[in-house]
4 protein chains.
Amino acid sequence: MARAVDVKSGRKSGARREQRLELRHAPQIGSRHQQSARARRKEARPAEILAAALDIFAARGFAAAKLDEVAAKAGVSKGTLYLYYRNKEALFEAVVREKLGPEIDRMERMVEGYSGSPSDLLAMIFTQVATLVSRKEIAAIPKMVIAESGNFPDLAQFYFDNVIKRGTSILGRVIGRGVETGEFRVVDVPQAVKVLMAPILFLAQWRTAFEIHDDAPLDVKAFSRAHVDLALAALRRPNEGEAA
Amino acid sequence: MARAVDVKSGRKSGARREQRLELRHAPQIGSRHQQSARARRKEARPAEILAAALDIFAARGFAAAKLDEVAAKAGVSKGTLYLYYRNKEALFEAVVREKLGPEIDRMERMVEGYSGSPSDLLAMIFTQVATLVSRKEIAAIPKMVIAESGNFPDLAQFYFDNVIKRGTSILGRVIGRGVETGEFRVVDVPQAVKVLMAPILFLAQWRTAFEIHDDAPLDVKAFSRAHVDLALAALRRPNEGEAA
Amino acid sequence: MARAVDVKSGRKSGARREQRLELRHAPQIGSRHQQSARARRKEARPAEILAAALDIFAARGFAAAKLDEVAAKAGVSKGTLYLYYRNKEALFEAVVREKLGPEIDRMERMVEGYSGSPSDLLAMIFTQVATLVSRKEIAAIPKMVIAESGNFPDLAQFYFDNVIKRGTSILGRVIGRGVETGEFRVVDVPQAVKVLMAPILFLAQWRTAFEIHDDAPLDVKAFSRAHVDLALAALRRPNEGEAA
Amino acid sequence: MARAVDVKSGRKSGARREQRLELRHAPQIGSRHQQSARARRKEARPAEILAAALDIFAARGFAAAKLDEVAAKAGVSKGTLYLYYRNKEALFEAVVREKLGPEIDRMERMVEGYSGSPSDLLAMIFTQVATLVSRKEIAAIPKMVIAESGNFPDLAQFYFDNVIKRGTSILGRVIGRGVETGEFRVVDVPQAVKVLMAPILFLAQWRTAFEIHDDAPLDVKAFSRAHVDLALAALRRPNEGEAA
DNA sequence: GATGAATGAGATTTCATTCAT
DNA sequence: TATGAATGAAATCTCATTCAT
C-alpha cells in the first residue's frame with residue numbers, strides 16, 4: 001500500500017499519435033573543437049551501438065536479444081549502453097527510428113526530385129525502393145516493427161505514419177496523376193496503392209526470413225523487373241501498347 | 001521437431017530441409033474408450049491449449065509470451081502444459097504446425113477441385129485466401145514465423161516448404177496454364193508468382209500489425225477486389241478486354 | 001518517445017494519508033482442510049520470510065540488505081520471495097506493518113483493559129512498553145522506519161499514525177485525567193506527552209545501535225524504573241508525596 | 001579511520017574502542033600562499049562536498065545516496081570526490097565526524113564556561129542543545145549513525161564515545177552536583193541521565209523523520225520548555241517550590 | 001587538480017521448468 | 001492426470017570506482 005519515493009522518475013509518456021520524424025543522435029555529443037582519439041571514439045559510440053543493436057535485434061527479435069551480445073558486438077561494456085540509451089526499449093526504438101529516418105528522407109528527396117511520366121516515375125520508385133529494401137539491415141526494420149507491434153504500439157504507429165502512410169501517399173499521387181493524364185485506367189486508388197506496394201514488403205520479409213531456406217535465392221533484379229512490369233501492365237489502359 | 005537456435009550455445013539444430021507436413025496432433029493422447037464429460041474435456045485439452053497459445057504468441061511474440069498467460073487463457077494450470085508439450089518451443093511449433101496444416105489442406109483441396117479458366121481460378125484463389133488470411137489468428141502465423149525465423153530456422157523452413165513453396169507452385173501452374181492457353185501474356189513466371197502473392201502477405205501483416213493504427217481500417221473486400229483486378233489486368237494479353 | 005506496453009502493470013498508488021492498520025498475511029493462503037506437511041510448510045512461509053527479512057533489514061538497512069541473504073536465512077530460494085511479496089519494497093513494508101500490527105494491538109488492549117489511578121496506569125504503560133521495546137526485533141522497527149523515512153514516506157506516515165499518534169493520544173488521555181483529578185499538576189499536555197514518551201524511543205535506539213558499544217550495557221529494568229520514577233515526579237503536584 | 005563492515009567478507013574491521021575526536025579536515029590541503037579566486041574555491045572544496053554529502057546522506061541514507069547526486073549538489077564532477085575522499089565510506093565518515101566535532105566542541109565550551117546553579121545549568125544545556133538539534137542538518141547525524149550502526153560499527157562507536165558518553169558524563173556531573181547541594185533529590189544518576197537526555201534524541205528524530213507527517217509540526221520552543229520544566233520537576237526535592 | 005566516459009561487479013527481478021502432492 | 005509452489009539460471013540495470021585526457 002505504502003509506496004517508496006520513485007527512485008528513477010520513470011515517466012511513461014502518454015501515447016501521442018502522428019509522431020513525425022524528428023530524430024537525431026539521442027545523446028547529442030557536442031562538437032568539440034579539438035578532436036582527440038578518445039573524443040572521436042566517443043562521438044562514434046552511438047552509431048556503433050546502434051549498428052550492433054540492429055544486427056542483434058534483427059537476428060533475435062527484441063525479447064531474445066541480449067544486451068551482452070549488443071555490447072560485445074559494439075565493443076563496449078554493458079554499462080556503456082546505458083550511458084547512451086535509457087534502457088533496452090529505448091535502444092530498440094532508437095534503432096528503428098534512427099535507421100529509418102535517413103532512408104525515408106532519401107526516398108522522399110528521390111521521388112520529389114523526379115519529374116517524368118507517371119509510368120516512369122512508378123518504375124523508378126519501385127526499382128529504387130527494391131534496391132534499398134534488399135539490404136538486409138534495412139529489410140530487418142519492418143520485420144522487427146511488425147513482430148513487436150503488439151509490444152511497442154507507439155513504434156508501430158511511428159512506422160505506420162512515417163513509412164506506410166507516406167509511402168501510400170506518394171504512390172497515390174503518382175497513380176492519381178496517371179489516371180488524370182489518361183495514361184492509367186481508372187482504379188480504386190487507395191486499394192491499388194496497397195496492392196502495388198505489397199511486393200516491396202514481400203521482398204523485405206523474404207530477404208530476412210526465407211532467403212536461407214530457398215534453394216534458389218530470390219533474384220532481386222528479376223523480382224523488381226517483374227514487379228514494375230506487372231504493375232504498369234495492371235495500370236495501363238487496356239488498348240494501349242507494350243510492357244517494360 | 002523443429003528446434004530453435006539454442007540461445008546459450010548458439011548452435012543450430014540439425015537442419016532438415018523439405019520437411020513435409022506430417023505431425024498433426026503432437027501428443028497423440030489415445031482416444032479412450034469411455035467418453036465421460038471429463039474425458040471429453042481431456043481430449044479437448046490440446047486444442048484448447050493451442051488456441052490459447054496462438055492468442056498469446058500472436059500478441060506478444062514467442063519470447064515475450066508467458067506460459068502463465070497461456071495456461072490462464074486455456075483454463076489449465078501451468079504444469080498441465082507440460083503434460084501435452086515438452087516445453088515452450090514445442091508448444092510454439094505445435095501452434096504453427098497444427099494451425100497451418102488444416103488451412104493448407106483446405107486450400108489445396110479447394111484449388112484442386114476447381115476447373116475453370118485460369119483467370120477465374122486465380123480470382124477464386126486470391127479471394128478465398130484473402131478471406132482466410134483476414135482472420136487475425138491466421139494472419140498471426142506468418143507474422144510469428146517471420147519474426148522468429150532467426151530463432152526457429154526449422155520452423156521457418158517448414159513454413160517455407162509448406163506454405164510459400166506450395167503456394168508458389170500452385171500459382172505457378174495456374175499462370176503457366178494461362179500462358180499456354182494464350183489467355184495470359186508471357187511473363188517471368190517464378191517472379192510473377194511472388195509479385196502476385198505479395199498482397200496476401202501484405203494483408204496478413206496489415207491486419208496484425210497496423211490495423212489499429214490506421215484511421216481507416218483496411219477494407220478486406222475492396223482490397224481483395226483490387227488485388228484480383230490488378231493481377232488479372234497485369235497478366236491478360238494487352239489487346240484483350242475488360243477487368244473483374 | 002514511443003513507450004512499450006507496460007509489461008507489469010506497475011501502478012504506483014497515490015499517497016493516502018492516515019492509513020489505518022488493517023493488515024493480515026499478504027498472500028492469503030486458504031485454510032485447507034487437510035494439513036499435509038507441505039501445506040503446513042507453505043502456510044508458514046510468509047512468517048518465515050518476514051522473520052528472516054526483519055533480521056536482515058534490521059542489521060543492514062533497506063538498501064544494503066540483500067535478498068540473497070533474506071532467502072538464505074528463510075531457507076527458501078530467491079524466487080520464492082517473489083511468490084509472496086511483489087518486490088523488495090513490498091517485503092520491507094510488510095515487515096514493518098505485520099510486525100507492528102500485533103504489538104500495537106497488544107499494547108492497546110493492555111491499556112484499555114486497565115483501570116487504576118493515572119499514576120499507576122502511567123507506570124504500567126511505561127514498564128510494559130519498555131519490556132516490549134527492549135526486544136531487539138521490535139526495537140529495530142522504529143530504527144528502520146526513521147532511517148528510511150525519506151525513501152518510504154508512506155511507511156513513515158503509517159508508523160506515525162499507528163504508533164506515534166496513537167501512543168501520544170493514549171498518554172495524553174491518561175495525563176489529562178490525572179490533571180482533572182488533581183493528581184497531576186497542570187502541564188502543557190501535548191508537549192509533555194512527547195517528552196515523557198521519548199525515553200521509550202531512546203531505549204529502542206540504544207538497544208539496536210549502541211548496546212554493543214557500551215562497556216556497561218543498558219539495564220532495561222533500572223532504566224525503566226528511573227523513567228517511571230522521574231515521569232511521576234515530574235507530573236505530581238509538588239506538595240504531594242514522592243515515588244519509588 | 002572507522003571502517004564499515006565489509007559487505008562481502010562480513011569481517012569487521014579491527015575494532016578500536018574509545019577513539020577520541022581527532023580527525024578534522026581529513027584531506028588537509030595546505031593553505032597555499034597565493035589566494036586567487038580559484039585557489040579559494042579549491043580550499044572550500046572539502047567543505048562544499050561535505051555539505052552536499054550531508055544533505056544527500058541525510059535524505060537517502062548511506063546506501064541509497066548516489067555519488068552522482070553528491071557531486072552535482074557540490075558543483076563538482078564525480079571524479080573530484082575521489083580527490084578528497086578515498087571512497088564513499090570515507091566520505092560518509094568524514095561527514096559525520098567533521099560535522100559532529102565542531103558542535104561537540106561548542107557544546108563543551110558552553111557548558112564549561114557556565115557556573116550557575118545545577119538547575120539553571122541543566123535548563124541552559126537542554127535549551128541550547130534543543131536549539132542545536134532542531135537544525136535539520138544536525139538532527140540528521142544521529143539518524144544516520146543509528147541507521148548505519150550495523151554497517152559502520154566504528155562510526156557508531158565514535159558517536160557513542162564522543163556524543164553519548166560525553167553527553168551523559170556532563171549531565172551526570174551536573175545532576176551529581178545538584179544532589180550534593182541538596183537541590184535535587186537522590187536518584188539513580190546513570191539511568192536518570194539517559195532518561196533526561198532522551199527528549200533531545202526524540203526531537204532530532206522527529207524533525208528528520210516525522211515532521212512532514214504530522215498535521216501540527218512540533219513546536220521546538222514549547223517542546224524544549226516542557227522538557228526543562230519536567231526535568232527540573234522530576235529532579236527537585238518534593239517539598240520545594242515552583243515550576244517553569 | 002579536474003573531468004566525466006567507461007567499466008564491470010553485483011543487485012533485483014523474471015519465468016520456464018520441475019515435482020511432491 | 002492435474003496442480004501450483006518452488007526453483008534457479010539468466011537477464012536487465014545500477015552505480016562506485018577508475019583513468020585517459
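To find a chain, count down the sequence lines: A is the first, B the second, and so on, and within it residues start at 1.
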Whether [X] contacts [N] is assessed here as follows: a side-chain N or O lying under 4.0 Å from the phosphate OP1 or OP2. Is that the case?
{"X": "B/Ser77", "N": "F/dA2", "value": "no"}
{"X": "B/Tyr82", "N": "E/dC19", "value": "no"}
{"X": "B/Tyr84", "N": "F/dA2", "value": "yes"}
{"X": "A/Arg45", "N": "E/dA6", "value": "yes"}

Secondary-structure notation, DNA chain E, from Watson-Crick and G-U pairs under 3.5 angstrom (| other strand): .||||||||||||||||||||
My understanding is that only residues two or more places apart in sequence, or in another chain, count here; which of them pass side-chain hydrogen bond (donor to acceptor under 3.5 Å, both in side chains) with A/Lys73?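 So A/Lys73 forms a side-chain hydrogen bond (donor to acceptor under 3.5 Å, both in side chains) with A/Asp55.
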Mapping A/Thr80 and B/Ala64 to their closest nucleotides on DNA chain E, which lands nearer the 5' end?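 Comparing both residues, the 5'-ward one is A/Thr80.
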On DNA chain E, compare the nucleotides closest to A/Gly79 and B/Leu67; which residue's is nearer the 5' end?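 Its nearest nucleotide being more 5', the pick is A/Gly79.
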Do A/Phe152 and A/Val96 come within less than 4.5 Å of each other through their side chains, counting heavy atoms only?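 The answer is no; the side chains never approach within 4.5 Å.
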Taking any heavy-atom pair under 4.0 Å as a contact, classify B/Ala65: base, sugar-phosphate, or nothing.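 Answer is sugar-phosphate: B/Ala65 comes under 4.0 Å of backbone atoms only.
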Partners meeting side chain to side chain contact (heavy atoms under 4.5 Å, CB included) with C/Ala147 (sequence neighbours left out):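 C/Ala147 satisfies side chain to side chain contact (heavy atoms under 4.5 Å, CB included) with D/Ala147 only.
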Is there a donor on the side chain of D/Lys78 or the base of F/dT17 sitting less than 3.5 Å from an acceptor on the other?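 Indeed there is one.
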